[in-house]
Number of protein chains: 2
Amino acid sequence: MITIKDIAKEANVSAGTVDRVLHNRGGVSTETEQKVNKILKERNFKINLIASSLAMKKNHTLATLIPNFDQQNIFWKSPHSGIEKGSQEVKAYGIENHIFTFNQFDPNSYAKAFRELIKTSPDAVILVPIFLKETKAIIETLKNKKIPYLFLNINLKGSDSLCYIGQKSFEAGILAGKLSNICTTEDDEILMVLTRKNLFNHEAIQDRIEGFLDFHQKSNSKTKIHKLQFNQPDEVFRSREKINQFIEKHPKVKGVVVPSSRVSVVCKAIDKEKLVDLRIIGFDTTPQNIDFLKRGDVTFLISQKSFNQGYKSIITIANFLVHKEIPSNEIPTPLEIITKENYMFSHSEERKYSIE
Amino acid sequence: MITIKDIAKEANVSAGTVDRVLHNRGGVSTETEQKVNKILKERNFKINLIASSLAMKKNHTLATLIPNFDQQNIFWKSPHSGIEKGSQEVKAYGIENHIFTFNQFDPNSYAKAFRELIKTSPDAVILVPIFLKETKAIIETLKNKKIPYLFLNINLKGSDSLCYIGQKSFEAGILAGKLSNICTTEDDEILMVLTRKNLFNHEAIQDRIEGFLDFHQKSNSKTKIHKLQFNQPDEVFRSREKINQFIEKHPKVKGVVVPSSRVSVVCKAIDKEKLVDLRIIGFDTTPQNIDFLKRGDVTFLISQKSFNQGYKSIITIANFLVHKEIPSNEIPTPLEIITKENYMFSHSEERKYSIE
DNA sequence: TAAGTAGGTGTGTACGCACACGAAATTTGA
DNA sequence: TCAAATTTCGTGTGCGTACACACCTACTTA
């Protein structure tokens with residue numbers, strides 16, 4: 001391994017000078033700079049990240065603004081875990097992360113959580129920008145204080161965030177379209193179960209719906225697509241005659257697509273004997289969804305690997321702060337197709353981490 | 001962040017003593033040890049991996065024995081890249097990896113490459129144990145020299161390798177069964193295209209076939225499964241009348257499964273107008289396979305993420321050497337389902353690395 | 001012309017933290 | 001009381017970073 005000292009010796013300068021050249025910190029004559037650069041290249045010198053990190057230790061503070069989770073709304077648990085894991089890893093780099101949570105249905109709690117967050121004067125912020133209006137104010141504050149921020153899971157185009165880490169929802173919808181197309185024939189019909197004005201990220205869900213329809217349109221399939229709307233996710237179960245009657249009336253419906261993460265609720269609502277004949281496609285690997293996948297009721301789940309999203313957010317921000325590594329504007333999460341046969345090989349990192 | 005010094009100060013001992021307690025290196029009185037341990041626990045002390053690595057620098061040597069790749073046999077390129085990436089990352093930890101390649105069809109080149117490898121007296125070895133007899137001799141040598149080794153991509157049960165990193169082939173076959181089942185109806189028939197005594201890991205391919213058949217048997221599907229054998233992968237294309245005639249004779253064949261990584265060859269052999277009606281399932285995301293996926297000829301590819309396998313091998317071995325972290329006996333790679341709609345979101349790390 | 005100054009260029013070194021070895025201090029046993 | 005054994009301490013090491021300071025040249029001013 002070649003060290004700065006080796007380079008310095010060869011160039012007849014001190015280690016400090018090599019360091020200045022490496023970081024373009026100025027104060028080096030063009031002649032010396034060229035000489036050093038030449039040797040750096042010849043020897044293929046790479047900064048030792050370990051030593052660099054140790055030396056750079058500066059105690060950065062991160063802050064994360066993310067919805068809380070409970071039994072009913074477990075979706076946010078995965079990103080939480082990923083963030084936890086990432087935080088653990090970067091601790092050694094002198095980076096401390098604080099999580100501030102809010103109620104995903106309450107804009108006030110969002111604003112309030114941010115007020116708490118900003119008191120800690122973090123060096124960078126990870127945001128799940130659920131509420132548009134409040135987010136604009138938040139971004140304004142961050143901009144004034146020159147605090148870089150990153151969007152997690154939900155994107156807000158037009159703002160100059162450091163980067164967006166999340167799923168491409170439209171493309172996820174296209175994939176759902178493809179899968180529904182594959183697991184039905186042309187004569188079959190497909191039912192899409194919607195929840196009006198969904199809980200939080202209704203934009204993402206809208207994008208999925210559009211992607212789904214886009215696929216069916218572009219592929220010239222003659223498959224008829226029905227839509228069934230509910231006002232509340234729990235209404236699907238409460239008034240389950242609605243969906244069961246619909247299926248009885250439309251015996252050609254063989255595929256069901258649920259663009260939200262609540263496919264488990266839909267499965268619960270549909271009569272068991274009807275489930276057998278249906279191919280059901282949903283999103284997100286919540287424990288409830290996985291349950292119905294295991295039973296064979298759900299055929300495909302499209303996962304956005306939210307654990308990885310959380311994890312990656314921390315790592316990305318950390319690399320930005322410590323190594324000034326500027327991330328690409330958008331880091332799309334893989335669209336993982338999960339079935340009963342492969343779910344146990346997915347999310348192994350998440351499981352491993354949860355057990356510990 | 002709590003440092004060893006903090007602990008030492010609080011316990012009224014020196015940093016050295018704390019270090020001895022941390023690593024159970026002995027030479028500490030029971031009393032002091034308990035006192036230090038108590039404070040370690042209270043303060044939830046975690047070793048700073050960065051500083052630890054820097055201090056531990058020991059210059060380990062790794063060696064990797066893996067088949068070479070070329071245009072015809074590009075399968076091994078991905079693990080190569082993953083290994084390269086991993087090697088880069090661990091270089092800072094004073095770990096140097098050397099790759100020794102061999103011809104995957106020639107046992108002698110395998111043995112010869114190993115003889116070269118062992119001359120470098122590595123501290124650990126990554127093996128792709130293609131040839132049984134030669135591998136047994138290799139393992140014997142490694143055991144005598146007490147060099148730990150890890151199997152990559154191909155497993156050899158019964159040997160006491162540190163760990164196996166690769167796909168569960170039987171389960172991959174089951175998944176292929178499920179996918180073929182989903183994208184055909186009960187009246188359809190499925191064709192499996194085999195290559196007799198496949199190139200290298202015919203065991204893995206045999207497992208896939210068995211998994212595939214197992215799924216169809218257990219699911220009580222009445223779908224008829226045909227098998228078509230070729231002696232050489234290139235024979236599929238050379239004598240392509242064989243496969244085309246077969247499809248003409250069996251118009252009910254709607255699904256094609258290729259358990260090797262050569263689904264592209266099969267696609268090339270089948271007449272274009274016939275391809276339209278077929279749902280084709282293959283394994284591994286070689287560039288050729290991806291081409292046919294993009295065109296829409298291949299419906300599903302089951303990926304074993306061989307880039308990640310290579311990468312993980314290095315990281316696992318490195319953690320074992322540096323941090324004495326003993327890996328679990330088997331690290332299965334996710335069974336990724338790749339379609340035209342999601343392939344661009346997969347393997348992003350591999351692509352990112354290849355570009356650089 | 002000598003003294004003074006500013007700017008550019010380069011050096012030396014403390015620091016971050018854990019690790020490990022030689023040396024010192026203390027205890028034990030004879 | 002002395003030697004041996006046990007316990008503990010002090011310090012150099014790994015490598016890059018960044019700051020204080022030293023040095024040199026060129027130019028200004030008395």
Review point. Do A/His80 side-chain atoms and A/Gly310 backbone N/O form a donor-acceptor pair below 3.5 Å?
Key: no
**Study point:** Any A/Ser29 side-chain N or O less than 4.0 Å from OP1/OP2 of C/dG10
**Key:** yes
Exercise for review: In whole angstrom, give the distance that lies between atom NZ of B/Lys5 and atom P of D/dG10.
Suggested key: 12 Å
Review point. Taking the inter-plane angle between the rings of A/Phe307 and A/Tyr311 on a 0 to 90° scale, is it parallel (under 30°), tilted (30 to 60°) or perpendicular (over 60°)?
Key: parallel
Check your understanding: Which whole-number value in Å describes the distance from A/Asn48 CG to D/dG14 C1'?
Key -> 9 Å
Practice item. For B/Val18, report the nucleic acid contact type (base, sugar-phosphate, nothing); a contact means any heavy atom under 4.0 Å. Key: nothing
Exercise for review: Output yes when at least one side-chain N/O atom of A/Thr32 is less than 4.0 Å from OP1 or OP2 of C/dG10, else no.
Suggested key: yes
Check your understanding: Within this structure, what is the CG-to-P distance between B/Leu54 and D/dG16, rounded to whole angstrom?
Key -> 9 Å
Point to revise | A/Ser87: side-chain contact (heavy atoms from CB on, under 4.5 Å) partners, not counting sequence neighbours | key: A/Ile83, A/Asn97, A/Ile314
**Study point:** Short side-chain N/O contact from B/Thr17 to OP1 or OP2 of D/dC9, under 4.0 Å
**Key:** yes
Check your understanding: For the pair made of CD in A/Gln34 and P in C/dT9, what is the distance, rounded to whole Å?
Key -> 13 Å
Practice item. Just report the end-to-end axis angle for the helix from C/dT1-D/dA30 to C/dA30-D/dT1, five pairs per end, to 10 degrees. Key: 70°
Check your understanding: Can any side-chain N or O of B/Thr3 pair as donor or acceptor with the backbone N or O of B/Asp6 at less than 3.5 Å?
Key -> yes
Review point. How long is the line joining CG of A/Asp6 and P of D/dG14, in whole Å?
Key: 11 Å
Revision key, fill the gap. When rounded to whole Å, the NZ to C1' distance for the pair B/Lys9 and D/dC9 reads 16 Å
Practice item. Measure from CZ on A/Phe45 to P on D/dC15 and round the result to the nearest Å. Key: 10 Å
Exercise for review: In whole angstrom, give the distance that lies between atom NZ of A/Lys91 and atom P of C/dC17.
Suggested key: 15 Å
Exercise for review: Sequence neighbours left out, what passes side chain to side chain donor-acceptor pair (under 3.5 Å) with B/Ser29? Give chain and number order.
Suggested key: B/Thr32
**Study point:** Under-4.0 Å salt bridge between A/Glu140 and A/Lys143
**Key:** no
Check your understanding: How does each nucleotide of nucleotides 17-25 of chain D score, in 5' to 3' order, for protein heavy atoms under 4.0 Å: base (B), sugar-phosphate only (S), or none (-)?
Key -> SB-------
Donor-acceptor list for residues 44-56 of chain B side chains, cut-off 3.5 Å, not counting sequence neighbours:
{"residue": "B/Asn48", "atom": "OD1", "partner": "B/Ile50", "partner atom": "N", "Å": "2.9"}
{"residue": "B/Asn48", "atom": "OD1", "partner": "B/Ala51", "partner atom": "N", "Å": "3.3"}
{"residue": "B/Ser53", "atom": "OG", "partner": "B/Leu49", "partner atom": "O", "Å": "2.5"}

Check your understanding: Does any pair with a residue in residues 20-37 of chain A pass salt bridge (charged side-chain N to carboxylate O under 4.0 Å, His left out), and if so which ones, sequence neighbours excluded?
Key -> A/Asp19-A/Arg25
Check your understanding: Got a salt bridge between A/Glu116 and A/Lys112, using NZ or NE/NH1/NH2 to carboxylate O under 4.0 Å?
Key -> no
